[in-house]
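Reviewing the structure listed below.
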Amino acid sequence: MSLSAERHSSERVDRTGYRCLNFQPEDIMKKDTIHTLQAALKTLGISPCPQVEIEVPKVGSFGDISTPLAMGLARVQKKAPKKIAEEIVAAIGDNDTFEKIEVAGPGFINFSFSREYLYRGVKRILTHDPTLLREDIGQGRRVLVEFVSANPTGPLHVGHARGAAVGNALCNLLRESGFTVEREYYINDFGRQVLLLGESVFASYMRLNGHEEYQVPEDGYQGEYIDDIAREFRAQEGDGPTTAEEEGMAAAREFAYGKMLALIRKDLGSFGVQFDSWRSEAELYEKGEVAGAIDFLKGKGFMYDKDGALWFKSTDFTDDKDRVVIKKDATYTYFASDIAYHKDKLDRGFDLIIDIWGADHHGYIPRIESVMHAFGYDSTRFRVILVQMVNLLKNGEPFKMSKRAGNFVTLSDVAELVGADTTKFIFLTRKADSHLDFDIDVVTAQSSENPVFYVQYAHARINSILENARAKGIDVSTIGDTDLAVLELDEELTIVKKLLVYPIMLEGAARTCEPHRITYYLQELAGLFHGYYHRHKVITDDRALTLARLALCTAIRVILLDSLTILGVTAPDKM
RNA sequence: GCGCCUGUAGCUCAGCUGGAUAGAGCAACUGCCUUCUAAGCAGUAGGCCACAAGUUCGAAUCUUGUCAGGCGCACCA
């Protein structure tokens, strides 16, 4: 089977209408269970073997892992689901992986893992081999993720921070899931907005030189940052009157644009987000890629002339309206460079292309999808992730932002005031496509409103316990060899199961491109640990128990560190 | 008017693509610091999953309709 055919068959369309990645589950726990089930089905002569679905039940009494398989088979086999389930259980027989397998409810088969199996799982974590925590669902396939891509006409604000946090975490997640990820920032450095930036800075500069008659152009940019740049420009250019206004304006534009881009890079860097490539819109024009892409589509018959303009026939695909590419005045629309940019992405040979946009651009999805179609690209390999607007509040009151009025909270303000870790984590505690209230006062209060501390605290606490053990002369470097059989408390086994479910959770997060699942998992795991910590001492006089509990704590720490790292959040040793 | 998204505890949100008894954090109330970090723990309370039909063994989840909120509907960028 070819790669693309295989990929195609495993893809589905989610309920929002966007394609998502869907791969066969390969996690250890799942794999072991599925193999057991498949063998049993074979014994029973049930073929073709149906897709075996596995889930982690919400309620502990339903076992560690569960399948509704028999219920699905009931129709095909024309037998009661419970009966089928019982036959399957009988066919599985004795097995050292499971302590108990039972039929429950309308026909669920619930599996409980044996303690030996669980201990083996902890040992795997203690090897510190991250590949044992992941499934290679990407298999080296190349994915391009474009995110942030804010106009270089002002500093990044809180809304961009959300896109940056989500994009960054998603890239990490996909990379850890076996994809080769390229992070890209598309710079809109062509057209009206940069011109306005230049004019705005130039006007400010001229006023600084005593030419009060220069006004910020209509729709121009205002705010302190414009004056700051103008002052810097003045420091470079001096205060002599600029004789050739055109030249001065162009110089101001270049200067301001350069400053802005540098600032954006710097802010993203201090936020902990780095890009592999920065793609320039202006360059697409200079290299003739815009004209080339349009010619290409013309050749395919997807362009036509009407009313003196050139139109793209996006209604041939998923759009409800054709779109102008070249205006009556012979200039290009913004859409034209978007076509070229997406062709450029395709030409670079990615297996998967992900665009992360602000939700206010959702109306653009059909036309870009149409472009992908027109270029002959399998559109299931293109996905747009929408990041909803951040509803900025200050002390419970809406805080209106406007870049042009210069009234906004920048990313660097937030990173400095709130901290990059907290900001990222909060943005990742919600689905990307859901509205989010971000109250500056609440978040800066550094109270229990900040879930990130809760999780980081668990990590720091474990580190502190390990320090303590070392101070008492316990050698924790060989903790992986510890006999874990003394871990027999329900709480301990619950924690172990939570740890072993980690790869399943990660796989789901990667498959659906939903990094927010990781933050929920983290809070649950940290919660289990904090409760355990308060009820039971790790370091006691019982040497065997101490070592086993240190091993458990170490395993928890491995998972906390691993998942926080994927989110782009630090895991401090001390707090 | 058309399209997209959202509607789950007082508030902010999860709910793993149709599974079993609906989940967490805040806020409220009650307890817990000579003991590995109290940025913590234990407990109480809080629900007609917006509403109404439908699909089937089974619906917060899928379909349709209604209501409410947000966003988008350029030869702007």
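Just so we're on the same page: letters track the sequence lines, and every chain starts at 1. FYI, side chains are in, hydrogens and waters are out, and symmetry mates aren't considered; it's all heavy atoms of this structure. Small disclaimer: the values here were computed from a predicted structure and weren't measured.
- Of the candidates B:C75, B:C41, B:G15, B:C41 carries the atom nearest the A:Y454 side chain, counting heavy atoms from C-beta on.
- The interatomic distance linking A:F438 (CZ) with B:C13 (P) rounds to 13 Å, in whole Å.
- Across the protein-nucleic acid pair, A:L436 atom CG and B:U6 atom C1' stand 14 Å apart, rounded to whole Å.
- Among B:A39, B:A14, B:C36, the nucleotide with an atom closest to any side-chain atom of A:M575 is B:A39.
- For the P atoms, the distance from B:U61 to B:C16 is 11 Å, rounded to whole Å.
- Not less than 6.0 angstrom separates the ring centroid of A:F108 from the ring centroid of A:F62.
- Applying the 3.5 Å distance criterion, the base of B:G72 shares no donor-acceptor pair with the side chain of A:H361.
- Among the protein residues, A:Y532 comes within range of no part of the nucleic acid, since none of its heavy atoms lies under 4.0 Å from any strand.
- In this structure, A:R517 fails the cation-pi test against A:Y520, since its NZ or CZ atom is not both closer than 6.0 Å to the six-membered ring centre and inside 45 degrees of the ring normal.
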Give me the distances for all protein-to-nucleotides 8-10 of chain B N/O pairs that come in under 3.5 Å?
none

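- Glycosidic conformation of B:U17: syn, with the torsion inside 90° of 0.
- Across A:R162 and A:K431, no two heavy atoms sit closer than the pair NH2-O, 3.0 Å.
- Across the protein-nucleic acid pair, A:D437 atom CG and B:U12 atom C1' stand 7 Å apart, rounded to whole Å.
- Between B:A28 and B:A50, the distance separating the two C1' atoms is 26 Å to the nearest Å.
- Considering only the side chain of A:R192, B:A77 comes nearest among B:A77, B:U17, B:A39.
- Relative ring orientation between A:F317 and A:F312 is described as parallel, the plane-to-plane angle staying below 30° on a 0-90° scale split at 30° and 60°.
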Check the interface with nucleotides 19-21 of chain B: list each N/O to N/O pair with the protein under 3.5 Å, or write none.
| unit_1 | atom_1 | unit_2 | atom_2 | d |
| --- | --- | --- | --- | --- |
| B:A20 | OP2 | A:K58 | NZ | 3.0 |
| B:A20 | N6 | A:S66 | OG | 2.6 |
| B:A20 | N6 | A:N110 | OD1 | 2.8 |
| B:A20 | N1 | A:N110 | OD1 | 3.2 |
| B:A20 | N1 | A:N110 | ND2 | 3.0 |

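- Following rounding to the nearest Å, A:R543 (CZ) and B:C36 (P) show an atom-to-atom distance of 20 Å.
- Comparing the C1' positions of B:A20 and B:C2 gives a spacing of 42 Å, expressed to the nearest Å.
- Across all strands, A:R323 comes closer than 4.0 Å to no nucleic acid atom at all (heavy-atom distances).
- For the P atom pair drawn from B:U8 and B:C48, the interatomic distance equals 12 Å after rounding to whole Å.
- Picking from B:A38, B:C36, B:A14 the nucleotide with the shortest atom distance to the side chain of A:H534 gives B:A38.
- Between the C1' atoms of B:A59 and B:C51, the separation comes to 16 Å (whole Å).
- Ring geometry, A:Y185 versus A:W278: the interplanar angle falls under 30°, so the pair is classed parallel (tilted spans 30 to 60°).
- For A:F453, whose side chain is taken as the heavy atoms from C-beta onward, the closest listed nucleotide among B:C75, B:A74, B:A39 is B:A39.
- The same atom, P, is picked in B:A9 and in B:G15; the two are 15 Å apart, to the nearest Å.
- Comparing B:A22 with B:C26, their P atoms sit 23 Å apart, to the nearest whole Å.
- For B:C33, the base adopts the syn conformation, since its glycosidic angle falls within 90 degrees of zero.
- In this entry the distance linking CG of A:L525 with C1' of B:A14 reads 17 Å, nearest Å.
- Base engagement by A:H536 is indicated by at least one non-hydrogen atom pair under 4.0 Å involving a base atom.
- Ring-plane geometry between A:W357 and A:H361 is classed as perpendicular, the angle between the planes exceeding 60 degrees on a 0 to 90 degree scale with a lower cut at 30.
- Applying the 3.5 Å distance criterion, the base of B:A77 shares a donor-acceptor pair with the side chain of A:Y364.
- Taking atom CE on A:M389 and atom P on B:C5, their separation rounds to 16 Å, with Å as the unit.
- A close approach under 4.0 Å does occur between a side-chain nitrogen or oxygen of A:K327 and OP1 or OP2 of B:A77.
- When distances run from any side-chain atom of A:H435 to the nucleotides B:C75, B:G70, B:C41, the shortest one goes to B:G70.
- At a threshold of 4.0 angstrom between heavy atoms, the contacts of A:L310 with the nucleic acid are absent.
- Taking only side-chain atoms of A:I465, from C-beta outward, the nucleotide of B:A77, B:C36, B:C41 with the closest atom is B:C36.
- Geometrically, A:R279 does not engage A:Y341 in a cation-pi contact, judged by NZ or CZ lying under 6.0 Å from the ring centre and within 45° of the ring axis.
- Candidate nucleotides B:A77, B:G15, B:A42 were compared by shortest atom distance to the side chain of A:K431, and B:G15 ranks first.
- Across the C1' atoms, B:C41 and B:U35 are found 15 Å apart, a figure rounded to whole Å.
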